[in-house]
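Treat the numbers as computed from the prediction; the structure is a model and nothing was measured. Residue numbers start from 1 in every chain, and the chains themselves are labelled A, B, ... in the order their sequence lines are given, proteins ahead of strands.
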2 protein chains.
Amino acid sequence: MERRRADIIAETLEERICDGTYPDGERLDEVRLAESFGVSRTPLREALQKLALSGLVEQLPRRGVFVRQPGPVELMEMFEVMAEMESVCGRLAAGRISDEALAELDAANAECRKAVAAQDADAYYLENERFHHIIYRESGNGFLAQETGALHRRLKPFRRMQLRLRGRLPQSMSEHEQIVAALRAGDGPAAADALRAHVAVQGEKFRFLMARLKSAAE
Amino acid sequence: MERRRADIIAETLEERICDGTYPDGERLDEVRLAESFGVSRTPLREALQKLALSGLVEQLPRRGVFVRQPGPVELMEMFEVMAEMESVCGRLAAGRISDEALAELDAANAECRKAVAAQDADAYYLENERFHHIIYRESGNGFLAQETGALHRRLKPFRRMQLRLRGRLPQSMSEHEQIVAALRAGDGPAAADALRAHVAVQGEKFRFLMARLKSAAE
DNA sequence: CGTGCATTTTTTGTATACAAGGAGGTTGAC
DNA sequence: GTCAACCTCCTTGTATACAAAAAATGCACG
């Protein structure tokens, strides 16, 4: 499918930006990166443009590309949108979800429960991701599922963080169960509210983390 | 701001794809287009990649790029998402909108009314666009406003179409007034419902147009 | 006459070479 | 001594040249 060097490079750079290897504001030097990847500037430039369109880097004409980590304000905005989109997915899915998908959700939740028992936040996140993607898909709207998935991906590192807060795992777990209950009942508004709250609380927790990090830095 | 040839070319191509100059499935030849623009393949390729990321063309590795007009199903999906996003904008805006913005909405509506009286669908669409963008902005969420605007832009040619249906202009007008009333009252749910319905009806009208075109072609 | 393989040709992907614009330093004037 | 203008170097943007892969064509064989 994607056998172009440029795409592989874009993927790698995206990962590095998300995991913080390149801090905010860092200039990404074309020639140096090209060397390090063992390619010429051409595919590297294509990769950078791809990143620019995803919003991960800013491209100042004739000046270079700079890593552009979303600030606190933008992050909260993104979490708000994420909450709303998941909410919409849930509302639509409530009327369209199949029995098989409900079983899948149960299975994912069972795995989540195991992870909670094992206090394994990473494993929890993995299954949590599966859980959410099932709902996106069951919205019955491929375009919505894709867009929601894209935003989910972009917020991934930040969503993960807040799971490490004490007591968050069991709380998230119970929210998941409420969501499934609403979906099983075919109650659109309830599913919408439950999902919106579920994601909104993630934003809140994350905000709290940010504030703590900031005050710790001072 | 954007003084790169590649960006200008991307813009031009985007327009041509949207207005149907290049039909669905058309292969976009790099060398021919490069010649026609009087540039080399490099900036042209960058433009094509940009379009690929916006979803306007599909890029088969080692095979070329092809215009990819959204099919009826995908279009309806996009309209559904559009309706939901506008709805969210409206709900948020109801609690955040300023008096100045309300005045702007009134002004835009006044212009719309003039266009209705003049039976000028183009003028109507112009002011209609302004109307909606004010609401996006007043959602108070820059990220949401940007994403909603992007989708609006993509659906633009299809939104325009349905305005030419008989009786649609006055109907749309009255919907606008309901929306402003809900926003002025600070009634989030009402604004959300009004906006969702307003956009959803566009999707419906558009679907009707599609069906008619299709049957006419047979 | 049709089909399958090989060759040729076209086209994409990548590398390199060239041009243009900006950033920073140095020098000269006030 | 300081400010400004000019010059130089470095980086980005663009063009061209090269390589590899896929499509097309022709030839041979069944």
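- Look at CG on A:Asp7: it is 13 Å from C1' on C:dT12, rounded to the nearest Å.
- Each of D:dA20, C:dG21, D:dT11 was ranked by its minimum atom distance to the side chain of A:Arg62; first place goes to C:dG21.
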Please produce a list of atom pairs where a protein N or O lies less than 3.5 Å from an N or O of nucleotides 8-10 of chain C.
none

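- For the residue pair A:Thr21 / A:Arg16, no side-chain donor-acceptor distance below 3.5 Å is found, with atom types taken as modelled.
- Among the heavy atoms of the strands lying under 4.0 Å from B:Arg63 are primed sugar atoms or P, OP1, OP2 only; no base atom is included.
- Under the 4.5 Å side-chain criterion, counting only non-hydrogen atoms from C-beta, B:Leu183 is in contact with B:Ile179.
- A donor-acceptor contact shorter than 3.5 Å is absent between the side chain of B:Ser172 and the backbone of B:Arg168.
- Between A:Arg160 and A:Glu129, none of the side-chain N atoms (NZ, or NE/NH1/NH2) sits under 4.0 Å from a carboxylate O, so this pair counts as no salt bridge.
- Between the P atom of C:dA15 and the CD atom of A:Glu35 lies a distance of 13 Å, rounded to the nearest Å.
- In this structure, CD of A:Glu30 is placed 6 Å from P of D:dG13, rounded to the nearest angstrom.
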Would you list the protein and nucleotides 16-18 of chain D atom pairs, both N or O, that sit under 3.5 Å from each other?
residue	atom	partner	partner atom	Å
D:dT16	O4	B:Thr42	OG1	3.4

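- Atoms CD and CD, from B:Glu84 and B:Glu80 in turn, are 6.5 Å apart once rounded to the nearest 0.5 Å.
- Looking at heavy-atom distances under 4.0 Å, B:Val39 makes contact with sugar-phosphate atoms alone, never a base.
- Using a distance-only test at 3.5 Å, with no hydrogens or angles considered, no donor-acceptor pair links the side chain of B:Asn109 to the main chain of B:Cys112.
- Within the 4.0 Å cut-off from OP1 or OP2 of D:dT12, not a single side-chain nitrogen or oxygen of B:Arg4 is found.
- No side-chain donor-acceptor contact under 3.5 Å links B:Gln119 to the backbone of B:Leu169.
- In this structure, A:Leu60 atom CG and C:dG22 atom P are separated by 12 Å, rounded to whole Å.
- As a whole-Å value, the separation of A:Ile9 CD1 from C:dT14 C1' is 10 Å.
- For A:Asp29 and A:Arg41, the salt-bridge test fails: no basic side-chain N is under 4.0 Å from an acidic carboxylate O.
- Rounded to a whole Å, the CG atom of B:Leu44 is 11 Å from the P atom of D:dT14.
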